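Whatever order the structure lists them in is the order used to number ligands and atoms, beginning at 1. Basis for what follows: all heavy atoms, side chains included, without hydrogens, waters or symmetry-related copies. Everything numeric here is computed off the predicted structure, so don't read it as measured data.
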Amino acid sequence: MDAIQSSPLLSLDRITRVYRVGSEVVRALDGVSFGVARGEWLAVVGQSGSGKSTLMNILGCLDTPSSGTYRINGRDVQGLQDDELSDLRNKEIGFVFQTFQLLSRATALANVELPLVYRGVARRERRQAAEEALRAVGLADRMHHRPNELSGGQRQRVAVARALVGEPSLLLADEPTGNLDSNTGEEIIRLFAELHQRGHTIVLVTHEPRLAARCPRAVRLMDGRVVADGPGREVAMLGIAQAVPA
Ligand code: ADP
Ligand code: MG
């Protein structure tokens, strides 16, 4: 455990992200520091506007901090060129979004193959990997369906398969159950639990305490700062306590 703790997959050190809108300055992240070990399943919770998506964009190398250091596997992301950064993003990070972001005219299989097309993987190999990823999310019998022929939960499963097909080190999900009813959301959380069991590292952004409570660990943001970091159940409870008017 000590060895893992001392070399986290992700490490954030005093990260800030400042947005300037006209004359207004928004400190969306204000000194965020924590690490994520390989194989951890971490929830990031907090009310709307607390900085969750901003943090997610930084973790996913879609955005860079205004100050502070972000390391993936010990590599300082700040020092990388644009092409190195997109390479890191494509190889190491799988994204899952609230709105699925699937190509509507493409089959599940073609959607899942897409990241491998960008990587120049040969057709047959691509197809095999995509089939395997779809089987892993329980969609063996839906490979040739298009998104509009699938339920919301199935669409999100396709998106999870697409995120996993390139065998990234990290799975990042921003409110992946936000567009699903609670039963379907539950189904997706069970899928994440399964992926966690299989050793995947997952960072899940959610504003739903019920879901955060399922994660071994949760970090709570408030006004761009970490105000709690501990077992998911406990950190989720803080949210419920806060939500109850005095
Ligand atoms: P959350 O995902 O927790 O709802 P965000 O990270 O989206 O929070 O936003 C955090 C804060 O930063 C909010 O006050 C939001 O208005 C502001 N913000 C987010 N993105 C931008 C942007 N592109 N430009 C200006 N302000 C932004
Ligand atoms: Mg958000």
Side-chain angles (χ1 to χ4, degrees), residues 10-36 40-70 72 77-78 82 85-86 89 93-102 152 155-156 159-160 162-163 170-182 184-185 188-189 192 202-215 217-230 232 234-244:
L10 311 177
S11 113
L12 298 156
D13 187 21
R14 287 165 291 170
I15 294 291
T16 71
R17 178 64 169 96
V18 180
Y19 293 112
R20 284 167 216 284
V21 183
S23 60
E24 206 194 335
V25 173
V26 179
R27 300 185 76 81
L29 295 177
D30 191 8
V32 169
S33 302
F34 64 87
V36 180
E40 255 194 306
W41 180 19
L42 172 77
V44 174
V45 300
Q47 291 179 358
S48 175
S50 59
K52 303 183 299 295
S53 292
T54 302
L55 176 62
M56 204 61 155
N57 291 341
I58 288 174
L59 290 175
C61 301
L62 296 165
D63 187 23
T64 49
S66 305
S67 68
T69 310
Y70 175 38
I72 301 182
V77 168
Q78 197 80 5
D82 283 353
L85 204 60
S86 61
R89 191 166 52 224
I93 302 162
F95 294 94
V96 178
F97 303 98
Q98 179 172 349
T99 52
F100 319 136
Q101 312 270 17
L102 300 173
R155 285 181 210 180
Q156 194 57 301
V160 171
R162 181 187 54 191
L170 171 67
L171 186 61
L172 280 181
D174 194 352
E175 303 274 6
T177 62
N179 275 11
L180 304 173
D181 63 66
S182 63
T184 314
I188 293 299
I189 289 301
F192 281 126
I202 305 169
V203 177
L204 163 75
V205 167
T206 179
H207 67 274
E208 294 182 63
R210 191 174 54 82
L211 300 183
R214 304 279 294 276
C215 299
R217 179 183 169 204
V219 165
R220 173 171 296 277
L221 292 181
M222 192 188 284
D223 298 331
R225 295 196 185 144
V226 174
V227 293
D229 182 348
E234 290 172 21
V235 174
M237 284 302 286
L238 295 172
I240 292 165
Q242 278 162 4
V244 176

key: Summary of salt bridge (Lys or Arg N to Asp or Glu O under 4.0 Å) pairs that have at least one residue in residues 52-65, sequence neighbours excluded   = Arg17-Asp63
Part of Val21 with heavy atoms under 4.0 Å of ligand 1, whether side chain, backbone, both or neither = side chain
ask   = What protein heavy atom is closest to atom 9 (O) of ligand 1, reported as residue, atom name and distance in Å?
value = Thr54 OG1, 3.9 Å
ask   = Would you say Gln156 and Pro176 make side-chain contact, with heavy atoms under 4.5 Å?
value = yes
request  = With heavy atoms only and a cut-off of under 4.0 Å, state how Met56 meets ligand 1: side chain, backbone, both or neither.
outcome  = neither
task = List every atom of ligand 1 that sits less than 4.0 Å from any heavy atom of Gln47, numbering the atoms from 1 in the order shown and giving each element.
result = 3 (O)
inquiry  = Counting only heavy atoms not in Asp223 (residues, nucleotides, ligands), do more than 12 fall under 6.0 Å from its CG?
reply    = no
inquiry  = Looking only at protein heavy atoms, which one is nearest to atom 8 (O) of ligand 1, and what is the separation?
reply    = Gly51 N, 3.2 Å
message = Which residue and atom name correspond to the protein heavy atom nearest atom 12 (O) of ligand 1, and how close is it?
response = Ala28 CB, 3.3 Å
key: Residue, atom name and distance, where the atom is the protein heavy atom closest to atom 17 (C) of ligand 1   = Val26 CG1, 3.9 Å
request  = Below 4.0 angstrom from a heavy atom of Ser53, which ligand 1 atoms are there? Numbered from 1 as shown, please.
outcome  = 1 (P), 2 (O), 6 (O), 7 (O)
query = Under 3.5 Å, is there a donor-acceptor pair between the side chain of Ser66 and the main chain of Val18?
reply = yes
inquiry  = Using a strict cut-off of 2.8 Å, how many protein N/O/S atoms surround the Mg ion (ligand 2)?
reply    = 1
ask   = Hey, is Gly46 one of the residues with a heavy atom under 4.0 angstrom from ligand 1?
value = no
ask   = More than 12 foreign heavy atoms under 6.0 Å from CZ of Arg89: is that the case here?
value = yes
Nearest-contact summary for atom 11 (C) of ligand 1 - protein heavy atom, Å = Gly49 O, 3.7 Å
